[in-house]
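Here's the structure, in structure tokens; my notes come after.
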Amino acid sequence: MPPAVPSTFLEACRRRPTPFTPIWLMRQAGRYMPEYRAMRSRLGFLELCKHPEAAAEVTLQPVERLGVDAAILFADILLVLEPLGVGLEFTAGDGPRIDRPVRSAAAARALPAVDVDDAVGFVFDTVARARKALADRVPLIGFAGAPFTLASYLVEGGPSRDFLLTKSFMREEPEAWGAMMSRLADVTGAYLAGQIAAGVQAVQLFDSWVGTLSPSDYRHFVEPYSRRAIRALPAGVPVIHFGVGAGGLLESMKAAGGDVIGLDWRVDLGAAWARLGHDVAVQGNLDPAVLLAGTDAIRRVARGILESAAGRPGHVFNLGHGIHKETPVEHVKALVDMVHEMSAR
Ligand code: CP3
């Protein structure tokens with residue numbers, strides 16, 4: 001493989017023709033990778049996020065191992081919740097936990113403003129180090145959680161299946177919900193703007209749990225705040241707006257903002273793109289579970305996605321959600337190579 005043309009990913013975000021379809025993978029730095037596990041045997045997850053030198057090293061691991069066309073900053077969407085004083089922990093088995101969830105209008109209104117330089121300056125330090133280490137081989141993507149996904153962690157206190165507390169809160173306390181979402185939109189906007197100032201060349205807004213909402217609830221309770229976060233960003237830096245299970249919300253997510261809409265595997269990429277209109281780029285959308293199958297199956301599904309995109313400028317290949325930790329690294333490497341090879345023009 002020749003080295004990736006540095007700008008291929010950014011060109012695709014801008015819907016310009018590229019020599020091949022660029023690919024990067026959500027959660028490309030993570031537990032499926034032995035070099036990541038080695039790092040985690042020495043540092044806890046939060047400790048690693050707060051150690052810019054180590055976090056920059058982890059950011060580069062998939063670039064070196066897989067040959068992807070972009071690096072994604074190693075950090076987490078929940079880091080900005082810690083300075084809100086709610087008590088953030090990552091437990092070994094159960095994922096993230098908030099010790100003091102926000103369950104009343106008073107608690108929502110009391111959430112403090114966050115000075116991101118003070119609170120998460122270590123992330124910006126990681127960005128600067130990773131950019132330097134990448135030396136423009138591939139661009140660096142920054143990211144943050146969208147206001148709804150952050151609010152769902154604040155209210156539920158951890159992962160949830162039905163989001164009943166969140167949905168009850170937004171209906172019963174609409175004004176306090178608006179105050180909390182405005183606060184989170186401002187934190188997200190400042191967090192992404194800080195990453196951009198430190199050197200990221202594109203950003204992804206993760207609305208991971210937004211697929212739990214009806215289209216009208218999305219428009220009413222979420223869209224204005226995602227728009228507010230995106231509008232806080234300087235022009236010229238591509239924004240990828242991604243939701244999981246959000247096939248029913250795509251038009252509204254586009255209306256909220258983003259140069260690229262991230263699709264999961266529950267939609268056909270070509271059909272979703274036609275619905276969105278070809279004046280926006282798309283990213284996706286291989287089911288990450290396919291990477292557990294053999295390379296023939298991976299090739300078939302990847303080819304189907306490329307055919308669905310029909311070589312149109314403005315497709316960034318990705319998974320529809322993060323890589324599972326059970327995934328063999330060789331399968332991921334094979335996917336990257338086959339997407340480059342099958343899409344070469
Ligand atoms: O390579 C990358 O994509 C970079 C890093 C990244 C992480 N988290 C590191 C991480 C990114 C982009 C995220 C985003 C994130 N974090 C999201 C949105 C993406 C998505 O998957 O929907 C969400 C919802 C979170 C919150 C979060 N952080 C959860 C739910 C968990 C537990 C996951 C699990 O499988 O246990 C985390 C922890 C986390 N963040 C890990 C990594 C590599 C695993 C932690 C570990 O090393 O033990």
Side-chain angles (χ1 to χ4, degrees), residues 1 4 9 20-45 48-49 54-55 57-78 90-96 130 138 140-141 143 159 204 206 208-209 211 240 242-245 262-267 269 283-306 308-309 315-343:
M1 252 311 290
F9 161 75
F20 55 86
T21 302
I23 172 171
W24 69 279
L25 304 155
M26 278 184 263
R27 290 279 175 94
Q28 64 190 15
R31 285 168 297 188
Y32 76 104
M33 206 177 261
E35 46 273 56
Y36 175 80
R37 289 197 301 272
M39 184 68 90
R40 281 281 281 106
S41 69
R42 283 178 275 131
L43 296 171
F45 178 69
L48 173 52
C49 290
E57 188 183 324
V58 171
T59 301
L60 264 76
Q61 285 171 351
V63 175
E64 275 146 20
R65 170 72 87 118
L66 307 171
V68 283
D69 301 304
I72 180 159
L73 168 68
F74 188 82
D76 199 85
I77 64 164
L78 301 180
F90 284 88
T91 57
D94 319 320
V138 294
L140 178 62
I141 305 171
F143 69 94
Q204 174 155 320
F206 279 95
S208 301
W209 311 137
I240 306 165
F242 167 71
V244 180
L263 304 170
D264 82 359
W265 64 94
R266 295 170 185 88
V267 293
L269 185 135
Q283 175 178 279
N285 68 343
L286 188 108
D287 179 351
V290 173
L291 289 176
L292 273 68
T295 44
D296 288 348
I298 297 171
R299 181 181 294 276
R300 255 193 319 277
V301 183
R303 181 178 287 124
I305 291 166
L306 290 169
S308 209
H315 175 216
V316 174
F317 201 102
N318 205 316
L319 306 179
H321 202 180
I323 298 183
H324 296 290
K325 63 176 188 301
E326 299 79 2
T327 307
V329 182
E330 319 78 69
H331 291 190
V332 185
K333 169 77 177 130
L335 171 69
V336 172
D337 290 345
M338 62 179 79
V339 167
H340 284 155
E341 171 206 309
M342 290 191 290
S343 67

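Computed over heavy atoms, backbone and side chain alike; hydrogens, waters and symmetry mates excluded.
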At their closest point, which heavy atom of [X] faces which heavy atom of [Y], and how far apart are they?
X: Cys49; Y: Phe74; result: SG-CE2, 4.0 Å
X: His315; Y: Ala309; result: ND1-CB, 3.4 Å
X: Trp24; Y: Ile240; result: CZ2-CD1, 4.3 Å
X: Ile305; Y: Leu269; result: CG2-CD1, 4.3 Å
X: Phe242; Y: Gly320; result: CZ-O, 3.1 Å
X: Ala71; Y: Val138; result: N-CG2, 3.9 Å

Could you state the interatomic distance from [atom1] ([X]) to [atom2] ([Y]), rounded to the nearest 0.5 Å?
X: His340; Y: Leu335; atom1: NE2; atom2: CG; value: 9.5 Å
X: Gln204; Y: Ile72; atom1: CD; atom2: CD1; value: 6.0 Å
X: Leu319; Y: Gln283; atom1: CG; atom2: CD; value: 9.0 Å
X: Met39; Y: Glu57; atom1: CE; atom2: CD; value: 3.5 Å
X: Leu73; Y: Ile141; atom1: CG; atom2: CD1; value: 10.0 Å
X: Ile323; Y: Arg31; atom1: CD1; atom2: CZ; value: 12.0 Å

- Query: Is Asp264 reaching over with its side chain to a backbone N or O of Gly245, donor-acceptor style, under 3.5 angstrom?
  - Reply: yes
- Main-chain N/O of Met26 paired to Asn318 side chain as donor or acceptor, under 3.5 Å: yes
Kindly indicate whether the side chain of [X], heavy atoms from C-beta on, has any atom under 4.5 Å from the side chain of [Y].
X: Leu66; Y: Ile23; value: no
X: Pro288; Y: Trp265; value: yes
X: Leu292; Y: His331; value: no
X: Arg266; Y: His321; value: no
X: Asp76; Y: Phe90; value: yes
X: Leu286; Y: Phe317; value: yes

- State whether Lys333 and Asp337 are salt-bridged, where the test is any N-O pair (Lys NZ or Arg NE/NH1/NH2 against Asp/Glu carboxylate O) under 4.0 Å. yes
- Task: Mind jotting down which residue pairs meet the side chain to side chain donor-acceptor pair (under 3.5 Å) criterion with at least one end in residues 33-44? Sequence neighbours excluded, please.
- Result: Glu35-Arg65
- Task: Apply side-chain hydrogen bond (donor to acceptor under 3.5 Å, both in side chains) to Ser308 and list each qualifying residue two or more places apart in sequence or on a separate chain.
- Result: Asp268
- Query: What is the ring orientation for Phe143 with Phe206, classed by angle as parallel under 30°, tilted 30 to 60°, or perpendicular over 60°?
  - Reply: perpendicular
